[in-house]
There are 2 protein chains.
Amino acid sequence: MSLADTSEKTIGRLSTYRRLLYRSDLASQASVYSHQIAALSRATADQVRRDLMAVGYSGSPNKGYKVNELVQSIGEFLDNPAGENVCLVGIGNLGRAILSYFSGRRPKLAIVAAFDVAVSKVNRAIHGCRCYPLDDLAAVAERENIHVGIITVPADAAQSVAEKLVEAGVRGILNFAPVCLRVPPGVYTADFDMTTALEKVAYFARKMGRN
Amino acid sequence: MSLADTSEKTIGRLSTYRRLLYRSDLASQASVYSHQIAALSRATADQVRRDLMAVGYSGSPNKGYKVNELVQSIGEFLDNPAGENVCLVGIGNLGRAILSYFSGRRPKLAIVAAFDVAVSKVNRAIHGCRCYPLDDLAAVAERENIHVGIITVPADAAQSVAEKLVEAGVRGILNFAPVCLRVPPGVYTADFDMTTALEKVAYFARKMGRN
DNA sequence: TGTTGTGAATCTCTTCACAGCT
DNA sequence: AGCTGTGAAGAGATTCACAACA
């Protein structure tokens, strides 16, 4: 339980290490070295060890880290022990794809409600997730104890949805709309824009060709 | 046309500035100050000016930047003047959502082909994009002059798809599968994992609540 | 006065280097 | 010998501060 803040980059990498450990053939081994984790991810062995300092789990020299203990320690560091209920606003193509992606995947980080303004899209279940009218957001968020939200509405609706989420008690927002949300202090926002991601890839693909 | 490398972060922000300028009410104004761009994005005015140094477009003191010229200069810096054709591999829920997202949006950065191994999904058009069997990738990539790819296949197929893309001449990959791709030097890869993105938001949402 | 463009300082993150362990 | 954990150095990104300008 370190008191120092952990950087966004480290948190992202810890999440990645855990996920890669689940899947890889290393999961069947009893123990793993930092350089093996590095080989799976985009990190160096140094960086892996540095990141693991934050979680406070120590490996042993010459034996490395016990895989199951390491995964559990990362979980204790990253996850809310009580679980985290998430909602999604905007049941379009992307919203549905995300519901499908998370469906039944992680009980401790589950999308438990989806919202939309369109009457035709609500009052049913999509990929196991209940859909409600946007007007019910505050009530459902309180009832279901939701503190994290995903925004997949069009750009011009995103800011207004963000404000409704904050008012409903949401403290963290993952935003896929192509705007930068303005939220009060105490609320964390991550913007992910598909166009920017693709433009970056196209730019560096072209630049690397030059050398 | 600066010879110095520009950082990934700056490229991402330049893409963001341009996108925000398109949409905001600033687009109708003749000129814009760095602090106005900063207010739309998550950057500071200092950072905006520093980033714009890379594109080589100069504003004028007391009048700022001419919006149309600025947008055009960023375009000349970021975009391939010949345009960039993109393909997508993996026609699942997420793949279809991405096809829909980019459909008709940017002629210079268009998804012109989609691929899947499932026979039932190919030989038709989705959101205006032609779908082919994965085996046709090399032929179609050459014919359509494709050098950027998007991966939306399951985790265990992603590495193999990445290798096929590279062999077909792709130099940049945007990967949505939850693995870190191994690609040869000269190929640029960006991994975006939805679970990691959401876990980061949940983590910081919880931490901020403490203070 | 209020802005741009940019050197210099600061802050953050990564990598190096190595002591200590098994 | 080969690993972990970590102080210290180095690299990279951001912010400060201010000259030049309109």
Side-chain angles (χ1 to χ4, degrees), chain A residues 1-17 21 26 29-67 69-71 73-74 77 180 196 200 203-204 207, chain B residues 1-17 21 26 29-71 73-74 77 180 200 203-204 207:
Chain A
M1 201 170 288
S2 76
L3 291 176
D5 298 3
T6 308
S7 74
E8 294 197 25
K9 294 195 167 189
T10 291
I11 296 301
R13 281 191 302 259
L14 286 172
S15 165
T16 301
Y17 302 153
L21 281 171
L26 298 177
Q29 289 178 232
S31 61
V32 64
Y33 297 125
S34 59
H35 66 81
Q36 294 179 293
I37 300 176
L40 288 175
S41 63
R42 290 200 188 293
T44 63
D46 282 331
Q47 204 162 41
V48 171
R49 294 204 302 279
R50 181 74 64 185
D51 288 337
L52 292 185
M53 285 176 66
V55 330
Y57 175 71
S58 284
S60 78
N62 233 348
K63 282 193 292 181
Y65 308 90
K66 292 190 180 173
V67 176
E69 287 181 10
L70 176 55
V71 166
S73 292
I74 294 177
F77 181 79
C180 294
T196 289
K200 268 179 68 171
Y203 176 87
F204 286 107
K207 289 301 167 193
Chain B
M1 204 170 288
S2 76
L3 292 177
D5 298 3
T6 308
S7 74
E8 295 197 25
K9 294 195 165 189
T10 291
I11 297 300
R13 282 192 299 260
L14 286 172
S15 165
T16 301
Y17 302 154
L21 281 172
L26 298 175
Q29 288 177 231
S31 61
V32 63
Y33 298 125
S34 58
H35 66 81
Q36 295 179 293
I37 300 176
L40 288 175
S41 63
R42 291 199 188 292
T44 63
D46 283 332
Q47 204 163 40
V48 171
R49 295 203 302 278
R50 181 74 65 185
D51 289 335
L52 292 184
M53 283 176 67
V55 329
Y57 175 72
S58 285
S60 77
N62 232 348
K63 283 192 292 181
Y65 308 90
K66 293 190 178 173
V67 176
N68 55 352
E69 288 181 9
L70 176 54
V71 167
S73 293
I74 294 177
F77 181 78
C180 293
K200 269 179 67 171
Y203 175 87
F204 286 106
K207 289 299 169 195

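What you see is a predicted model; the values in this text were computed from it and never measured. Chain identifiers are assigned alphabetically (A, B, ...) following the order of the sequence lines, protein sequences preceding nucleic acid strands; residue numbering begins at 1 within each chain.
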Between protein and nucleotides 10-14 of chain C, what N or O pairs are separated by less than 3.5 Å?
{"residue": "C:dT14", "atom": "OP1", "partner": "A:R13", "partner atom": "NH1", "Å": "2.9"}
{"residue": "C:dT14", "atom": "OP1", "partner": "A:Q47", "partner atom": "NE2", "Å": "3.2"}
{"residue": "C:dT14", "atom": "OP2", "partner": "A:R13", "partner atom": "NH2", "Å": "3.0"}
{"residue": "C:dT14", "atom": "O5'", "partner": "A:Q47", "partner atom": "NE2", "Å": "3.2"}

- Please round to the nearest 0.5 Å and tell me the distance separating atom CG of B:D46 and atom CG of B:D51. 10.5 Å
- Would you say a side-chain N or O of B:Y57 is under 4.0 Å from OP1 or OP2 of C:dG5? no
- Query: How long is the line joining NZ of B:K66 and P of C:dT3, in whole Å?
  - Reply: 19 Å
- Message: Just verifying a value: how many Å separate A:L26 CG and A:L21 CG, rounded to the nearest 0.5 Å?
- Response: 6.5 Å
- Task: Measure the spacing between CG of A:L14 and NZ of A:K9 and express it to the nearest 0.5 Å.
- Result: 14.0 Å
- Name all residues meeting the salt bridge (charged side-chain N to carboxylate O under 4.0 Å, His left out) criterion together with A:R50; count only those two or more places apart in sequence or in a different chain, and write none if there are none. none
- If you measure from CD1 on B:I74 to OG1 on B:T16, what distance do you get to the nearest 0.5 Å? 10.0 Å
- Task: Measure the OH-OG distance between B:Y65 and B:S60 for me, rounded to the nearest 0.5 Å.
- Result: 9.5 Å
- Item | First of B:Y33 and A:K63 reached from the 5' end of DNA chain C, by closest nucleotide | B:Y33
- Message: With rounding to the nearest 0.5 angstrom, report the CD1 to CG distance, A:I11 to A:D5.
- Response: 10.0 Å
- Extract, from 5' to 3' on DNA chain D, the first and final nucleotides lying under 4.0 angstrom from some heavy atom of chain B. D:dA13 to D:dA22
- Just how far, in rounded Å, is P of C:dG2 from NE2 of B:H35? 10 Å
- Message: Taking 4.0 Å as the cut-off, does a side-chain nitrogen or oxygen of B:R49 come that near to OP1 or OP2 on C:dT4?
- Response: yes
- Should A:F77 and A:T6 count as side-chain neighbours, where that means a heavy-atom distance under 4.5 Å? yes
